[in-house]
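Notes follow the structure.
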Amino acid sequence: MKTLGKFFCVCMALAMLLGSLAGCASVKKIKSTGEEKKIVGSCGGYDVRYEELRHLAYIHKEEMKAEYGENVFADDMYAEELLKRVEASLCEHYAILAICEDAGVKRSDKQTKNEVQEDVEAVVEALGGLDAYKEYLAETRMTDALYRLYTSIVSCQYRYYDEVSFETLEKEAYDAVLGDEGFVHTMSIFVRNDEGEDVADNREQAEFVRTEVLGGRPLESFIGTKYNQDMSNCEYYFPIGYMDDAYESAAFSLAIGEVGEVVETDEGFYVIQRLATDKGYMETHLETLIDMYIVGKMNLAFEAHAQALSFEMNEYGKSLNLLELE
């Protein structure tokens with residue numbers, strides 16, 4: 001599902017998970033090699049270095065292998081898709097950074113630098129030491145410099161929420177929640193695509209659930225069965241901009257009580273039914289829903305700016321083959 005840090009690669013989950021741990025002794029920066037520091041192009045006015053291009057190429061290659069099969073790149077047609085995915089990630093990252101820095105929340109700020117250092121120290125400690133951290137970076141084709149860059153963007157993003165968005169949008173969000181405007185209430189069954197599973201079989205399971213519900217079986221009767229891997233109570237209240245784009249689009253397009261077509265996301269398949277909103281629930285969960293509304297607005301702003309950006313390769317960047325970056 002979409003979150004405040006939704007744009008970042010899987011590798012960043014560790015930083016967010018461990019960022020609250022107590023750090024160990026100061027961890028010095030690990031220098032990138034000359035090749036890793038080479039500029040391959042620009043995005044939104046920011047230099048893009050070889051180390052970032054390599055990391056994103058690796059992440060998206062692994063992602064596409066999981067989606068299409070190990071031999072996906074035997075066909076040249078997927079090379080173009082790989083480039084588009086890498087470009088989209090770059091635009092997403094630098095859109096966040098640009099919006100934050102334009103508002104005065106900068107990665108060069110002392111607070112951002114301190115938060116990044118604390119995060120790195122916490123990760124090193126949690127992994128068991130500097131050697132383990134280096135191994136982790138190598139496994140994901142990362143560098144310490146790139147890890148710190150991404151962590152600084154996450155730090156700026158959260159500070160932007162606290163220092164800018166909350167202050168400017170709190171009243172609007174308060175009115176929206178109490179006025180029951182811009183929110184949707186859903187119940188859904190989730191068939192997750194676990195590693196090694198047949199995606200077509202999972203879609204079949206989701207289609208079976210949908211057929212049964214359309215035939216009169218209550219959707220909630222599938223909660224707790226083999227057909228559902230959602231660990232929550234399967235009900236969601238959320239505003240535009242907060243959830244996965246496909247889930248969100250489907251949910252807002254439904255009438256109250258309607259069950260939509262099976263929705264495919266990066267994680268699996270959803271069968272969604274839209275429910276009526278409950279004013280009592282909205283009032284009881286006022287603070288949480290205000291936060292969600294503000295995060296949704298932020299995400300929409302980040303997305304809009306990302307769509308306006310592009311990755312402009314220089315001559316060196318154009319000489320590289322993403323499939324060969326290791």
Side-chain angles (χ1 to χ4, degrees), residues 1-8 10 13-14 16-17 63 66-67 173 176-296 299-300:
M1 292 301 177
K2 189 181 291 187
T3 64
L4 188 58
K6 75 161 198 144
F7 291 133
F8 288 85
V10 174
L14 187 63
M16 301 311 299
L17 178 64
E63 176 184 270
E67 289 180 27
V177 175
L178 291 187
D180 193 12
E181 297 175 359
F183 283 81
V184 71
H185 177 201
T186 65
M187 177 180 290
S188 55
I189 297 301
F190 175 49
V191 181
R192 186 175 57 233
N193 290 331
D194 289 322
E195 187 174 351
E197 289 186 341
D198 189 315
V199 174
D201 286 347
N202 287 342
R203 174 178 279 280
E204 236 177 72
Q205 289 187 42
E207 293 288 359
F208 169 78
V209 171
R210 179 176 182 272
T211 299
E212 288 288 297
V213 174
L214 291 177
R217 180 174 173 178
L219 186 66
E220 58 265 31
S221 69
F222 286 96
I223 299 174
T225 70
K226 68 175 184 178
Y227 295 100
N228 182 50
Q229 285 85 54
D230 191 331
M231 295 298 103
S232 72
N233 66 357
C234 302
E235 285 193 51
Y236 297 98
Y237 275 82
F238 58 91
I240 293 174
Y242 191 82
M243 295 286 261
D244 177 273
D245 291 336
Y247 188 106
E248 184 177 287
S249 177
F252 275 94
S253 70
L254 297 174
I256 303 300
E258 185 180 2
V259 177
E261 299 288 340
V262 170
V263 174
E264 182 174 4
T265 70
D266 292 339
E267 293 81 23
F269 300 95
Y270 285 89
V271 180
I272 305 170
Q273 182 173 31
R274 182 169 182 174
L275 307 176
T277 53
D278 182 331
K279 201 165 185 66
Y281 177 93
M282 303 285 280
E283 292 173 355
T284 303
H285 296 81
L286 179 63
E287 290 186 8
T288 298
L289 294 174
I290 285 175
D291 286 342
M292 292 172 69
Y293 182 90
I294 296 171
V295 169
N299 284 334
L300 291 174

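In this structure, Arg203 pairs ionically with Glu207, as a charged nitrogen and a carboxylate oxygen lie closer than 4.0 Å.
For Phe183 against Arg274, the heavy-atom pair with the smallest separation is O-NH2, 4.2 Å. Considering all non-hydrogen atoms of both residues, Ala173 and Ile294 come closest at CB-CG1, 4.0 Å. The two residues Pro218 and Ser221 come nearest to each other via the heavy atoms O-OG, 2.6 Å. Contact record, Ala246 with Thr265: CB-CG2, 4.4 Å, taken as the closest heavy-atom pair. Residues Ala250 and Ser253 approach most closely at O-OG, 2.7 Å, considering heavy atoms.
Surrounding CD of Glu287 are at most 12 heavy atoms belonging to other residues, nucleotides or ligands under 6.0 Å away.
One distance of note links CD of Glu204 with OG1 of Thr211; it measures 10.5 Å at 0.5 Å rounding. Atom CD of Gln273 is separated from atom CG of Leu254 by 9.0 Å, given to the nearest 0.5 angstrom. Taking CG of Asp291 as the start and CG of Leu286 as the end, the distance is 9.5 Å to the nearest 0.5 Å. Separation of atoms CE (Met292) and CD1 (Ile240) is listed at 12.5 Å; rounding is to 0.5 Å. Remark: Glu181 CD to Tyr293 OH distance equals 8.0 Å, nearest 0.5 Å. Note: Tyr227 OH to Asn202 CG = 12.0 Å, rounded to the nearest 0.5 Å.
Looking at Arg192, its side chain never comes within 3.5 Å of a backbone N or O of Asp230 through a donor-acceptor pair. Side-chain atoms of Glu235 never come within 3.5 Å of backbone atoms of His185 as a donor-acceptor pair (strictly under, hydrogens ignored). Side-chain atoms of Ser249 do not come within 3.5 Å of backbone N or O of Asp245 as any donor-acceptor pair. Without hydrogens or angle criteria, Glu248 side chain to Tyr242 main chain gives a donor-acceptor distance under 3.5 Å. Looking at Asn228, its side chain never comes within 3.5 Å of a backbone N or O of Ile223 through a donor-acceptor pair. A side-chain donor-acceptor contact under 3.5 Å links Gln229 to the backbone of Lys226. A side-chain donor-acceptor contact under 3.5 Å links Tyr237 to the backbone of Asp278. With hydrogens and angles ignored, the 3.5 Å screen pairs no side-chain donor or acceptor of Lys279 with any backbone N or O of Gly179.
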Verdict with supporting geometry, Met282 and Leu178, side chain to side chain contact (heavy atoms under 4.5 Å, CB included): CA-CA 7 Å; Met282 303 285 280; Leu178 291 187; over 6 Å; no

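One side chain, Thr277 or Asp180, offers a donor N or O that lies under 3.5 Å from an acceptor on the other.
With Tyr247 as reference, Tyr270 is the one residue of Phe190, Phe269, Tyr270 to meet the ring-ring contact (aromatic ring centres under 6.0 Å, His included) rule. Tested against Leu219 for a side chain to side chain contact (heavy atoms under 4.5 Å, CB included), the candidates Ile272, Leu275, Val271 yield a single pass: Val271.
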